[in-house]
Amino acid sequence: MNVGISHIECYIPRAYIEQEDAEELDDCPGKYTRGLGQKQMGVWDGREDSQSMALTALQKLLLAAKIGPGQIARLDAATESSSDAMKPLASLLVELLGGGDVE
């Protein structure tokens with residue numbers, strides 16, 4: 001019996017904002033760069049949304065693992081934004097993988 005994470009994939013958008021610029025806009029010097037240790041933050045452009053990014057990561061995972069959708073026992077999807085509506089995203093991924101329950 002196999003236990004644990006067998007494959008993991010992540011998608012990071014190509015577009016980004018410099019955190020120093022974000023600190024200036026948010027009037028919070030050092031919060032992101034010194035406080036969180038960030039230099040840049042990925043942002044989606046007008047051609048992307050949470051679903052397209054999740055599908056890109058899923059496609060990369062299936063190709064890297066050399067498996068089909070029916071061979072996935074568990075799939076977790078996460079986002080950094082509360083506005084991304086993870087329940088609909090999880091439902092879309094489950095539907096594309098052939099059904100099942102979404103928790």
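For the single chain, residues carry numbers from 1 onward in sequence order.
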Rounded at 0.5 Å granularity, tell me how far [atom1] in [X] sits from [atom2] in [Y].
{"X": "Asp21", "Y": "Gln40", "atom1": "CG", "atom2": "CD", "result": "10.0 Å"}
{"X": "Arg14", "Y": "Glu48", "atom1": "CZ", "atom2": "CD", "result": "9.0 Å"}
{"X": "Gln19", "Y": "Asp26", "atom1": "CD", "atom2": "CG", "result": "9.0 Å"}

More than 12 heavy atoms of other residues, nucleotides or ligands under 6.0 Å from [atom1] of [X]: is that the case?
{"X": "Leu63", "atom1": "CG", "result": "yes"}
{"X": "Leu25", "atom1": "CG", "result": "yes"}
{"X": "Gln51", "atom1": "CD", "result": "yes"}
{"X": "Asp45", "atom1": "CG", "result": "yes"}

query = Side chains of Leu62 and Ile72: does their closest heavy-atom pair fall under 4.5 Å?
reply =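 The answer is yes; the side chains approach within 4.5 Å.
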
query = Would a 4.5 Å heavy-atom cut-off, applied to side chains only, mark Ser50 and Trp44 as touching?
reply =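 Ser50 vs Trp44: side chains touch.
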
ask   = What are the two closest heavy atoms between Pro13 and Met53, and how far apart are they?
value =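 Reported closest heavy-atom pair: CG-SD, 3.7 Å.
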
key: Contact summary for Cys10 and Ile12, nearest pair of heavy atoms   =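 Here Cys10 and Ile12 meet closest at SG-CG1, 3.8 Å.
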
inquiry  = For Glu9, give me all partners under salt bridge (Lys or Arg N to Asp or Glu O under 4.0 Å), at least two apart in sequence or on another chain.
reply    =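 With sequence neighbours excluded, Glu9 shows a salt bridge (Lys or Arg N to Asp or Glu O under 4.0 Å) to Lys60, given in chain and number order.
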
task = Following the transitive rule for hydrophobic clusters with a side-chain heavy-atom cut-off under 4.5 Å over Ile, Leu, Val, Met, Phe, Trp and Tyr, establish whether Ile17 and Tyr11 coincide in one cluster.
result =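 No; tracing contacts between hydrophobic side chains, which count when under 4.5 Å, never links both residues.
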
ask   = When Ile, Leu, Val, Met, Phe, Trp and Tyr are grouped by side-chain heavy atoms lying under 4.5 Å apart, directly or through other members, which residues fall in the same group as Tyr32?
value =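 In the cluster with Tyr32 are Leu36.
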
task = Sort out for me which residue in Gln38, Lys39, Glu23 forms a side chain to side chain donor-acceptor pair (under 3.5 Å) with Thr33.
result =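 Among Gln38, Lys39, Glu23, the one meeting side chain to side chain donor-acceptor pair (under 3.5 Å) with Thr33 is Glu23.
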
Chi angles and distances behind the side chain to side chain contact (heavy atoms under 4.5 Å, CB included) call for Leu75, Leu58 = CA-CA 9 Å; Leu75 178 67; Leu58 178 58; 4.2 Å; yes

query = Do any N or O atoms from the side chain of Gln59 and from the backbone of Thr56 form a donor-acceptor pair under 3.5 angstrom?
reply =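 Checked: no pair found.
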
